[in-house]
Amino acid sequence: MKIAVAKGDGIGPEIMAAVLKIFTANNAPLEYEYVDMGKWVFDKGFSNGMTPEAKQTIESVGILFKGPMETPKGKGVKSVNVTARKTWNTYANKRVFQTLHGVDTVFSKAGIPIDITIVRENIEDTYGGVEHMLTHDVALSRRFITRPGSLQVIRYAFEMAKKKNARRITCSHKANIMKITDGLFLECFYEVAEEYPQLKADDIIVDDLCMKLVTRPDTFDVVVLTNLQGDIVSDLCAGLVGGLGFAPSANIGDHICIFEAVHGTAPDIAGKNIANPTALLLSGITMLRHLGMMENAAVIENALLYTLENGVHTGDFGDKSIPSVNTTQFADAVIANFGKEPSVGAKPMLPNMPATPTHFKLEKNPMLVSAEMDEEKIIGVDMFIESHEQPLVIAKKCERHAGVKFKLVSISNRGTQVWPTGSVYTNLVNQYNARFESLDGEPLFQQDIIGLYVSLSGNFKICSFELLNMWGDKKAYSLAQGQ
Ligand code: NAI
């Protein structure tokens, strides 16, 4: 089985060498195609951090095993890690956090076992990185949550939960505040849940989740979240099981999958051969299972667990009274323990299975087809305007431009209504949202909106605008706070 390997930056080459040494010693049936990705590739002038040859190899083999990669700061370039995940539509980021015997944590000492799988949406949300300065003082980030994107990752989470006989699958969100975006994600969750009646499905607001994770982590099993919230919660979970050195990650797509550790390049310890290779090794073990190499995965994982249980540790964890080993020595200790099993949590020795080819070319884009059939009409527009004036003055000017098609219904500032009612205690910035609706309730045309835009631009700089749509009798926009 051919896989693409990118060693990465910082500690990447050291931990990758350790993990591949373990795979080779175990005769894992893998052939490595090394590809050029990372900071030094940016430095050579490749603006996306990978060479065209690397892209071609990864697209032809379908599996990328990668070390951490540095994103050059302040050069206006995007993270190669995020580019890779998004370009190849690895829509689900799966991170498994388990109590590791031998890695002491508050919970292991209290006898509370942890086995949490976080499934994080990996493409959308604010990670689209679509950001604009609307005025010199106001920055805007667009948050994309889509129905097909949500269904795709949620369906993956349910399938995975079913395979692992999960006790519970939980959707975490902030739909009480972001009613449209997180509301859509939550709606998709319960839609998919109906297809899996055997699984206990529930939801929790993300702040409550964080509190419960640090008090009773053992009550959770599989948790699915949107991108940013998932990113934060998964690092929190890494802390519960001993830190970033123990957090593996699999980026799953229908065509290409990427396996990597959660941690970064650790520049503070790079080049010293002291980094902990466990997270990358656990990611590699997940990759072996993904490729059907069940026996190789079990032998290596049992040897790793046995090694940890026996107190072998790198400098970043473990019993300080036992001298630490370096990265290479840690790998050698794991190799020496092939065939041994830990006293707790030994993995069953399943036979290897033929690899199921999941890798095929994307011939069409099925997500372009929308199932939404409700009648759609434009009933107004939000005009985002730059102004240093007070709401009453702005309202008077806006009303002059409303004409025979529109009425001004509200003005808000940072999402809080300031006209027709508001409070003098609301602090204002130099960007307002003037909301216009159809005067007679009749649907509007795009030309009407452009007409209003042209008219208003005589008085204001319009930073952007958004249509107010109705899908059937459902408002496809939010109300301002206080509206
Ligand atoms: P980091 O994860 O590299 O380091 C945070 C702390 O954890 C440091 O003290 C480091 O020494 C320690 N640490 C991390 N991995 C370790 C390991 N295997 N063994 C022992 N100690 C370990 O996070 P930081 O410093 O925020 O980021 C450094 C660089 O890594 C940045 O350029 C960032 O963009 C990149 N990065 C790349 C990621 C990826 O390739 N997927 C993920 C996160 C960050």
Side-chain angles (χ1 to χ4, degrees), residues 2-6 33 35 37-38 46-66 69 71 77-95 117-130 142-160 163 171 181 184-185 188-189 191-192 224-231 234 248-262 283 286-287 289-291 355-371:
K2 265 190 198 168
I3 63 164
V5 174
E33 297 248 4
V35 294
M37 292 172 82
F46 295 94
S47 60
N48 61 356
M50 64 179 104
T51 59
E53 294 78 23
K55 182 169 179 277
Q56 201 176 13
T57 304
I58 295 160
E59 291 185 355
S60 83
V61 300
I63 298 284
L64 171 63
F65 188 36
K66 69 177 276 294
M69 291 172 192
T71 307
V77 293
K78 300 232 173 186
S79 152
V80 63
N81 306 304
V82 178
T83 303
R85 289 173 207 156
K86 286 170 59 174
T87 308
W88 294 311
N89 194 38
T90 60
Y91 53 81
N93 185 253
K94 176 186 158 193
R95 297 176 174 184
T117 305
I118 299 288
V119 179
R120 160 189 168 195
E121 196 287 318
N122 219 13
I123 311 279
E124 307 189 338
D125 202 339
T126 44
Y127 285 62
V130 183
R142 288 190 173 238
R143 179 167 196 253
F144 294 95
I145 303 290
T146 72
R147 171 174 285 279
S150 303
L151 288 174
Q152 201 174 36
V153 65
I154 290 166
R155 201 158 267 131
Y156 168 80
F158 271 91
E159 256 326 285
M160 194 268 302
K163 275 196 199 123
C171 175
T181 47
L184 175 60
F185 192 76
C188 291
F189 176 80
E191 226 169 276
V192 176
V224 58
L225 308 97
T226 51
N227 205 341
L228 177 61
Q229 293 168 30
D231 193 4
S234 50
S249 139
N251 300 283
I252 306 289
D254 289 338
H255 314 280
I256 293 173
C257 296
I258 305 170
F259 298 86
E260 61 182 339
V262 170
S283 313
T286 311
M287 176 179 71
R289 290 211 170 90
H290 179 84
L291 296 173
T356 34
T358 51
H359 173 233
F360 53 92
K361 210 166 167 203
L362 187 61
E363 300 289 357
K364 55 183 176 136
N365 291 102
M367 284 166 54
L368 278 176
V369 182
S370 171

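The figures here come from the full heavy-atom set of this structure, side chains too, leaving out hydrogens, waters and symmetry mates.
Legend: residues meeting ring pair (Phe, Tyr, Trp, His ring centres under 6.0 Å) with Phe46, ordered by chain and number and at least two apart, are absent. Contacts of Tyr91 classified as ring pair (Phe, Tyr, Trp, His ring centres under 6.0 Å), with partners at least two apart in sequence or in another chain: none. Residues passing the side chain to side chain contact (heavy atoms under 4.5 Å, CB included) test with Ser79 are Thr71, Asn81, Val82, sequence neighbours excluded. With sequence neighbours left out, Glu33 forms a side chain to side chain contact (heavy atoms under 4.5 Å, CB included) with Lys2, Thr57. Contacts of Ser249 classified as side chain to side chain contact (heavy atoms under 4.5 Å, CB included), with partners at least two apart in sequence or in another chain: Asn93, Arg95, Asn251, Glu260, Val262.
Side-chain atoms of Ile258 and Lys66, non-hydrogen and from C-beta on, do get closer than 4.5 Å to each other.
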- Message: The test is salt bridge (Lys or Arg N to Asp or Glu O under 4.0 Å); show your working for Glu124 and Arg142 and say whether it passes.
- Response: CA-CA 10 Å; Glu124 307 189 338; Arg142 288 190 173 238; over 6 Å; no
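Partner Met37 forms a side chain to side chain contact (heavy atoms under 4.5 Å, CB included) with one of Thr51, Ile58, Thr83 and no other, that one being Ile58.
In this structure, CD on Glu191 lies 9.0 Å from CG on Leu184, to the nearest 0.5 angstrom. Separation of atoms CG (Asn89) and CG (Asn365) is listed at 9.0 Å; rounding is to 0.5 Å. Phe144 contributes atom CZ, which lies 11.0 Å from atom CG of Asp125 (distance to the nearest 0.5 angstrom). To the nearest 0.5 angstrom, Asn227 atom CG is 6.5 Å from Thr126 atom OG1.
Between Asn122 and Tyr127, the side chains place no donor N or O within less than 3.5 Å of an acceptor N or O (distance only, hydrogens not considered).
Among pairs with a residue in residues 148-157, those fulfilling side chain to side chain donor-acceptor pair (under 3.5 Å) read Arg155-Glu195, at least two apart in sequence or across chains.
The backbone N or O of Cys257 lies less than 3.5 Å from no partner atom in the side chain of Thr90, so there is not a single donor-acceptor pair.
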